[in-house]
Amino acid sequence: MKDVLHELEDRRSIARLGGGERRITAQHERGKLTARERLEVLLDEGSFEEFDMFAQHRCTDFGMAGKTIPGDGVVTGWGTINGRTVYVFAKDFTVFGGSLSEAHAQKMIKIQDMALRNRAPIIGLFDAGGARIQEGVAALGGYGEVFQRNVDASGVIPQISLIMGPCAGGDVYSPAMTDFIFMARDTSYMYVTGPDVVKTVTNETVTHEELGGASVHTTKSSIADGAFDNDVEALLEMRRLIDFLPASNTAELPEIDCYQSVDASDMSLDTLIPDNPNKPYDIKELIRKTCDEGDFFEIQPSFAGNIVTGFGRVEGRTVGVVANQPMVLAGVLDSDCSRKAARFVRFCDCFSIPIVTFVDVPGFLPGTAQEYGGLIKHGAKLLFAYAEATVPKVTVITRKAYGGAYVVMASKHLRGDINYAWPSAEIAVMGAKGAAEILYRGQDQETIEAHTKEYEARFANPFVAGERGYVDEVIYPHSTRRRVARALRLLRDKELDNPWKKHDNIPL
Ligand code: HXC
């Protein structure tokens, strides 16, 4: 018996060494942790249970016969984050560059199947060179099976990808189909084809970072939902994110202790809106003052800043927050921010996370760049997402709610459940000056100014909308947290179903 126990320990030690000391040192020298070190940071201490530690490839081509390393380039298993189960896989770059072989894919598939069957989130840590070049078609088939499972699990369990090194070729499409992608700054990059292929095909010279670094994917392509300075920070932030998410689309929202009373008034909010309606203010101040202890996990903070999206809690329960940001482009809706918010709203709806929307929107952004770029379709994505969402929807209009953008932003007309307005709200087809200029085109300046004032007096307030029931109540800004909390409490058992359909046809 003793011998077999020793053998087990020996085999485990070999497997834990992955590609060996030399490659582990190289990994550390690049500022990266190894796959197993990463899982230690991500999961509760001692909670990780590894599967398939001794799995090996069966390839014999291109000198691979006898060249096996237990685990075959990916560490898989499950553990807990603050006591809640998550399934994990972590690509091991020290083993064949983390590349995906048939055996490697089978390990991932096992974990994906278990996560879906047992209904818990799955987190993938990527640091890999794509398909195992020596294996050819077997690796391609493996990718296909991983992709199919990403799609099957979409909307059933949260799927999160963290890019912590190279992520190239076949490796990019699995993260692309998960709910969120985060990246480690400076040490990770993501692209379909690398700089060498780009040079050959398009004659462009680019670095890994310029082509697919965190700086690109968090600001330009919007592929990534956020970036962190190093492996440890990224992993700790994933723990924070998981705390906000339900385990599946049928699980209860996580509920944690709330140490901030919802009954206290925040008088500073009564002066948040500047006297001049064209002056910006920071909507994040209102978000933080509405959420428990000001804790807010922002999604895509560096992309399309004219809309803010992220998770917070009210009375200990998760909410998704969507808010126009007057500090960026006056909070206007454009293609980028519509896509960003639409995806976020749909995530919340998949997982029964109530949506709190703060509205201060002057309309849709005019111009050829927007129209040629498909503003109609992109704007429609957000409209569609809000309209199809059946989760509790609580809306607070703080200032402008103009035109189509008013309708889009979780208005009463799109089944908003509780729609509040601050006394500073202006709900109208458009701004007063623009309206007067159109209605009294060609008339002298004095007449236009007089009609601007008339339009302001008529519509630059929440009461006309209130008369029609388009806002449920005009509330004091200082009471916003309390009112939102009460509304969410009221809506806890909301039941609403869309008509049966195979699936909808959102304007992609
Ligand atoms: C097998 C690989 C590998 C791969 C890296 N390695 N990528 N082995 N298959 N795809 C091995 C290397 O041989 C090396 O082994 C070790 O991993 C580290 O690689 P390096 O090149 O030394 O590291 P680095 O300089 O950091 O470069 C990382 C890299 C580069 C940029 C990822 O390795 C690279 O370009 N790899 C190939 C990427 C690629 O073209 N993949 C195929 C994509 S096609 P040793 O023994 O020296 O440690 C694809 C199609 C799927 O994925 C489509 C599905 C739909």
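In listed order, ligands and their atoms are each counted from 1.
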Undergrad: Ignoring hydrogens and geometry beyond distance, is a side-chain donor-acceptor pair present between K381 and H378 at under 3.5 Å?
TA: yes

Undergrad: Apply ring pair (Phe, Tyr, Trp, His ring centres under 6.0 Å) to Y143 and Y173, showing your working.
TA: CA-CA 9 Å; Y143 272 122; Y173 281 110; 9.4 Å; no

Undergrad: Can you pull the residues with any heavy atom under 4.0 Å from ligand 1?
TA: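 Residues R23, R30, F93, F96, G97, S99, G129, G130, A131, R132, I133, Q134, L140, Y143, F147, P166, G169, G170, Y189 each place a heavy atom under 4.0 Å from ligand 1, listed by chain and number.
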
Undergrad: Relative to F93, does K32 satisfy both conditions: NZ or CZ under 6.0 angstrom from the six-membered ring centre, and within 45 degrees of the ring's axis?
TA: yes

Undergrad: Looking at the rings of H57 and F96, which for Trp means the six-membered one, are their centres under 6.0 Å apart?
TA: yes

Undergrad: Just by distance, with hydrogens left out, do E388 and N498 show a side-chain donor and acceptor under 3.5 Å apart?
TA: no

Undergrad: Look at the rings of F180 and F311 and say which category their plane angle falls in: under 30° parallel, 30 to 60° tilted, over 60° perpendicular.
TA: perpendicular

